[in-house]
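None of the values given here were measured: they were computed from a predicted structure. Naming: A, B, ... by sequence-line order, numbering from 1 per chain.
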2 protein chains.
Amino acid sequence: MAPLESISVPSAREHRASFHDGALAATANWPAIQGDDEKLVQRTLVALRRGPIRHHRDQVIVCEGDPAHYIFLVIEGIVRSCRTFQNGTRNILGFYLPGEVVGWTDLKHALSVEAATDAMILYLKRSALLSIAARDSRIASFLLGATTNELRRTQEHALLIGRSAKCRLATFLLDLSSRLGKTKYLDLPMSHQDIADHLGLTIETVSRTITELERSQLVARLSPRTLILLNRPSLLRIKN
Amino acid sequence: MAPLESISVPSAREHRASFHDGALAATANWPAIQGDDEKLVQRTLVALRRGPIRHHRDQVIVCEGDPAHYIFLVIEGIVRSCRTFQNGTRNILGFYLPGEVVGWTDLKHALSVEAATDAMILYLKRSALLSIAARDSRIASFLLGATTNELRRTQEHALLIGRSAKCRLATFLLDLSSRLGKTKYLDLPMSHQDIADHLGLTIETVSRTITELERSQLVARLSPRTLILLNRPSLLRIKN
DNA sequence: CGGAACCTTGAGATTAGTCAAATGACGTGG
DNA sequence: CCACGTCATTTGACTAATCTCAAGGTTCCG
C-alpha cells in the first residue's frame, strides 16, 4: 500500500464551519446520520485521519490481498474498486464519489482500490475505527449502516450485470447523473474503458449503445464525455 | 410477510449442549466468533427468536419491499434471496444453508427471501438485535462482521457473473461442495432452474455445461441432482 | 403404473465480443 | 494560435457465446 505522508489539513478541526471548506465537506450529505451524531462521526473521522493524500489517475491505492489497515474516504475525484484477472480482464465493482467511503472489509482487501481520476483520499485506520466503535455505539451504528448500504449497492450491481447492454448503460447513466447532482449535463468523469469494465461490456459495445440511445433521442452527445439525458423516464423504462 | 406462529422449541434454552440437538446447532460453525462471545451471540439469538417456522419449497418468506422487521436464520433446508422482474426473469443473488443468516438490510427488504427447498426458519427481530447491539458491542461486532461477510460474498458473485458459463458453473459447484461439507458426492439441493437464475444462465446452458464438464472428465453425473467432482484442481483452474 | 415436473439435446436466432481501421479530442511545444 | 502526436472513441465486418424454441427423455412420487 502507498506510504502515508503528512499533508496539510484545515487547522480548525473542531469548528463545524471548517467542514464546508475542508476535507470532510462532502460527508454533510450522508443520509444515515443526523444532527449530533453527524458531528460526532465527523469528529471521529477527523481524529483518525491520515492525509488527505493526492493520487494520480490509475494509481493503485491498495492492492487486492493487502492487509486491511485502512479504509478510504474520497475527498475529491473518482475512485474505483476492482479486480484484475490473469487473462487481463478487469471488473470494476463500483465507483466512489467525494464523500463516499471505499475499501471496507475485514482482514484482507478482496478488491483493489484505484484512482479513476486524479483524487484526494483520506486514510482512516480500520483498527482505530473498530476500537472506537467498541466503546461508542453511535460509531458502531455508523459503520454498520455504511456497510449495509454498500451491500445493497453491490446487490443492485450484481442484478444489473444480468441485463441487456442497453439497460445496463441507461441505468448507469441515470444513477451517475443523480449521484453527481443531476444537472442538465452529465459529464462522465471516467473513461469508456472504465464504464465498460464496470458494466461487463467492451468499449465498443459501450460506444455503440450510446450511439443507439442517441439515435432514439434518449441522450444527446456534446462530446464523448459530455452527455445530456433527454428523456429520463424513457431511460428508466428500458428493461432487459 | 408470513404470519408468525409459536412452534415448539427445545426447552433448555440456556444449556449449551442443547444447541447441538436444537435449532442453533449450525451456528457452531460460525468462523467470526469464538468461545464466550459465541455463547453470548447464541443466547442472544435464542432470546430474540420466533419460530422456527416451517416453509415449503418456493414459499415466500419476505417480499421485496416489505419492511425489514425480521432477519432469518436458516435452521434446515436451503433459502434463496432473489428479485423477479416485470418480464418474468428472476435473479437469485444467493443461497443460504443451515446456520446462515439471510435478509439483513435496513428499512425495506431489497430482495425477496424464499424457500428453495422445504426449510425451517428462525425469525429474529431486527429492532431487538439493533437495540441489544447498541448496549453490547459484542453483538454489534457480530452484526458488522456478518454484514461484511455478506458484502464480500455478494462482491464475489458480481465478479462471477462476468465470466464464461463454464467458469460460473465450475466455481458454483466447488463453492457449494465446500459449503455442504465436501463429501465425495455433491447433491444439488436446488433445481437447475434455480442454479441458472443464480448464475445468469438458462437451464439449457446449465445442462449443456454440465454435460461438457462430464465429457472433460471433470465431473461425473450419477443422477441429474447428484454429481461427483472428479478433479477439483482442474475445475478451479477454469477461467473465462 | 401413470402423470407431472424436471432435465437434456438439437437447430436456428440473437447478442455481444473480436479484430481492424478511421476518426476525433486534447495537451504540448513551437 | 497552430501543428503534431498521443490517446480515446467510433464504426464496420465478422465470429463466438448464449438464448430461444421445440421435442424427447428421465426421474420421482403418488
Side-chain angles (χ1 to χ4, degrees), chain A residues 56-58 78 85 87-91 116-118 160-173 185-215 219-227 238-240, chain B residues 56-58 78 85 87-92 116-118 160-170 172-173 185-215 219-227 238-240:
Chain A
H56 292 101
R57 186 168 69 110
D58 293 335
I78 307 284
F85 295 89
N87 60 11
T89 67
R90 182 186 63 166
N91 283 355
T117 66
D118 288 356
L160 187 60
I161 295 304
R163 322 198 69 66
S164 71
K166 205 167 156 183
C167 175
R168 283 183 244 184
L169 204 41
T171 305
F172 174 75
L173 294 177
Y185 302 106
L186 173 56
D187 257 288
L188 300 176
M190 69 290 285
S191 67
H192 283 200
Q193 183 66 64
D194 276 1
I195 295 172
D197 289 349
H198 181 52
L199 298 178
L201 301 170
T202 59
I203 36 172
E204 292 93 335
T205 300
V206 168
S207 186
R208 280 189 255 267
T209 305
I210 294 178
T211 302
E212 192 187 338
L213 293 175
E214 200 179 18
R215 269 198 293 269
V219 312
R221 206 165 7 189
L222 299 188
S223 83
R225 295 278 190 109
T226 310
L227 306 179
I238 295 176
K239 292 297 166 206
N240 217 321
Chain B
H56 291 100
R57 187 167 69 108
D58 292 334
I78 308 284
F85 295 89
N87 60 11
T89 67
R90 181 186 65 166
N91 282 355
I92 296 178
T117 66
D118 288 355
L160 188 60
I161 295 305
R163 321 197 69 66
S164 71
K166 206 166 156 184
C167 174
R168 284 183 244 185
L169 204 43
F172 174 75
L173 294 177
Y185 303 106
L186 173 57
D187 257 289
L188 299 177
M190 69 290 285
S191 67
H192 283 202
Q193 183 65 66
D194 276 0
I195 295 172
D197 289 350
H198 181 53
L199 299 178
L201 300 170
T202 58
I203 35 174
E204 291 94 334
T205 300
V206 168
S207 185
R208 280 190 256 267
T209 306
I210 294 178
T211 301
E212 192 188 339
L213 293 175
E214 199 180 19
R215 269 198 295 266
V219 313
R221 206 165 7 190
L222 299 188
S223 82
R225 296 275 191 108
T226 310
L227 305 179
I238 296 175
K239 293 296 167 206
N240 219 324

Inset, instruction - For B:Arg57, check salt bridge (Lys or Arg N to Asp or Glu O under 4.0 Å) against everything at least two apart and list the hits. - result: none

Legend entry - Those residues that, when tested against A:Asp58, pass salt bridge (Lys or Arg N to Asp or Glu O under 4.0 Å) (two or more places apart): A:Arg80

Are any of the side-chain heavy atoms of [X] and [Y] separated by less than 4.5 Å?
X: A:Arg225; Y: A:Ser191; answer: yes
X: B:Arg221; Y: B:Thr211; answer: yes
X: A:Asp194; Y: A:Ile78; answer: no
X: B:Leu227; Y: B:Leu213; answer: no
X: A:Phe85; Y: B:Asn240; answer: no
X: A:Leu169; Y: A:Ile195; answer: yes

Legend entry - Heavy-atom closest contact (B:Arg163 atom, A:Asn87 atom, distance): NH2-ND2, 4.0 Å

Interatomic distance, [X] [atom1] vs [N] [atom2] [rounded to whole Å]:
X: A:Ile161; N: C:dG17; atom1: CD1; atom2: C1'; result: 16 Å
X: A:Asp197; N: D:dA8; atom1: CG; atom2: C1'; result: 14 Å
X: B:Leu201; N: D:dT18; atom1: CG; atom2: P; result: 7 Å
X: A:Leu188; N: C:dA25; atom1: CG; atom2: P; result: 15 Å
X: B:Arg168; N: D:dA17; atom1: CZ; atom2: P; result: 13 Å
X: B:Leu227; N: C:dC7; atom1: CG; atom2: P; result: 11 Å
X: B:Asp58; N: C:dA5; atom1: CG; atom2: P; result: 12 Å
X: B:Ile238; N: D:dA17; atom1: CD1; atom2: P; result: 14 Å

Which atom pairs, donor and acceptor, lie under 3.5 Å between side-chain atoms of residues 197-204 of chain A and protein residues at least two apart or in another chain?
residue	atom	partner	partner atom	Å
A:Asp197	OD1	A:Gln193	NE2	3.1
A:Asp197	OD2	A:Arg90	NE	2.8
A:Asp197	OD2	A:Arg90	NH2	2.8
A:His198	ND1	A:Ile92	O	2.8
A:Thr202	OG1	A:Thr205	N	3.2
A:Thr202	OG1	A:Thr205	OG1	3.1

Which nucleotide in the list [options] gets nearest to the side chain of [X]?
X: B:Arg221; options: D:dT18, C:dT8, C:dA16; result: C:dT8
X: A:Glu204; options: C:dT8, D:dT11, C:dA16; result: D:dT11
X: A:Arg225; options: C:dC7, D:dA8, C:dA16; result: D:dA8

Inset, instruction - Name every residue in residues 207-214 of chain B that has at least one heavy atom under 4.0 Å from any atom of DNA chain C, in order of residue number, or write none if there are no such residues. - result: B:Ser207, B:Arg208, B:Thr211

Inset, instruction - Under 4.0 Å between any heavy atoms, over every strand shown, what does B:Ile203 touch: base, sugar-phosphate, or nothing? Just pick one. - result: nothing

Inset, instruction - Tell me what B:Arg57 touches on the nucleic acid: a base, only sugar-phosphate, or nothing, going by heavy atoms under 4.0 Å. - result: sugar-phosphate

Inset, instruction - Using only side-chain N and O atoms of A:Thr202, determine if any of them is under 4.0 Å from OP1 or OP2 of C:dG17. - result: yes

Legend entry - B:His192 side-chain N/O to C:dA5 phosphate OP1/OP2 under 4.0 Å: no

Inset, instruction - Starting at CG of A:Leu186, measure out to CG of A:Leu188 and round the result to the nearest 0.5 Å. - result: 5.0 Å

Legend entry - Degree of bending, the helix from C:dC1-D:dG30 to C:dG30-D:dC1 (end axes from five pairs; round to 10°): 40°

Inset, instruction - Mark yes or no for whether A:Thr171, through its side chain, and A:Cys167, through its backbone, hold a donor-acceptor pair below 3.5 Å. - result: yes

For nucleotides 26-30 of chain D, give me every protein contact, N/O to N/O, under 3.5 Å, one pair per line with atom names.
none

